[in-house]
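See below for the structure under consideration.
We number each residue from 1, following the sequence as shown.
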Amino acid sequence: MVSWFRRRREDAPTPPDAPPEDDPAALGEQLRGLVRFINESSGRLPGESVVTARRITDVLREIIDSAEVRALDVYAVISVKATVGDYLPATLTRFLAIDPSQLNVPSAAGPTPVESLQVQLDSLLDSVVDLLAATRAHDADALAAHGRFLHTKFSRSDLEI
């Protein structure tokens, strides 16, 4: 009977037209927010890093847009969601937190923060480019499989009289 001590928690209902978090429309909205963040931060980021970050977002956009033709597989959704919601913004935010006077000072490990940022962004770019290639290959494989199905379904069989 201690339930009356607890505050009643009422969750706000989700509007029926709100897309699920993994929906391409929701991923696209998150990506647009990330692009705004990059653009707003461009004055504090090295120029090369801004270009690379925007190349990453462009490739992510291509992956999300491919869902118009065929649903994204779970691997693509997880990868896009993690890159948009965590990997890229965390990389940029950590760089932006560094004192500007230290940006070109080599760390104990060797590279400067500017160099480290670029290496990390290049790695992210390679990763999303590979993801786009896998998504496109998956689409090509699906088209080939559909072609084999059509050929089998509609070609004349040797058993026909």
Please name all residues satisfying side-chain contact (heavy atoms from CB on, under 4.5 Å) with [X], sequence neighbours left out, ordered by chain then number.
X    : value
P89  : L34
D122 : T52, Q118
A82  : Y87
P106 : T112

Under 4.5 Å between any side-chain heavy atoms of [X] and [Y], yes or no?
X    : Y    : result
T135 : D73  : no
R94  : L117 : no
F95  : L121 : no
L27  : V84  : no
S41  : L96  : yes

Taking atom CZ as the centre, does R61 end up with more than 12 heavy-atom neighbours from other residues, nucleotides or ligands that are less than 6.0 angstrom away?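 Counting neighbours around CZ of R61, more than 12 heavy atoms of other residues, nucleotides or ligands fall under 6.0 Å, so yes.
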Connected via hydrophobic side-chain network under 4.5 Å: V35 and L131: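 As far as the 4.5 Å side-chain criterion goes, L131 and V35 are not connected within one cluster.
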Donor-acceptor contact below 3.5 Å, side chain S116 vs main chain P113: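 Here the side-chain-to-backbone pair does not exist.
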Counterpart residues, side chain to side chain donor-acceptor pair (under 3.5 Å), relative to [X] (two or more places apart):
X    : answer
S79  : none
N104 : none
E48  : none
D99  : S101

Measuring from atom [atom1] of [X] to atom [atom2] of [Y], what distance do you get when rounded to the nearest 0.5 angstrom?
X    : Y    : atom1 : atom2 : answer
L92  : L124 : CG    : CG    : 8.5 Å
L132 : S66  : CG    : OG    : 7.5 Å
I63  : L31  : CD1   : CG    : 10.0 Å
Q30  : L60  : CD    : CG    : 11.0 Å
D65  : D58  : CG    : CG    : 10.5 Å

field: Pairwise side chain to side chain donor-acceptor pair (under 3.5 Å) hits with a residue in residues 123-134, at least two apart
entry: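 Found none.
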What is the minimum heavy-atom distance between L72 and A67, and which atoms define it?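 Looking at all heavy atoms of both residues, the shortest contact is CG-CB, 3.8 Å.
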Check step by step if side-chain contact (heavy atoms from CB on, under 4.5 Å) holds for T57 and L88.
CA-CA 9 Å; T57 60; L88 183 53; 4.0 Å; yes
Self-check item: For R44, salt bridge (Lys or Arg N to Asp or Glu O under 4.0 Å) partners two or more places apart
Solution: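 None.
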For E62, check salt bridge (Lys or Arg N to Asp or Glu O under 4.0 Å) against everything at least two apart and list the hits.
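Residues passing salt bridge (Lys or Arg N to Asp or Glu O under 4.0 Å) with E62: R136.
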Problem set entry | ILVMFWY cluster membership beyond V74 - transitive side-chain contacts under 4.5 angstrom |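 Traced through the cluster, V74 reaches I78.
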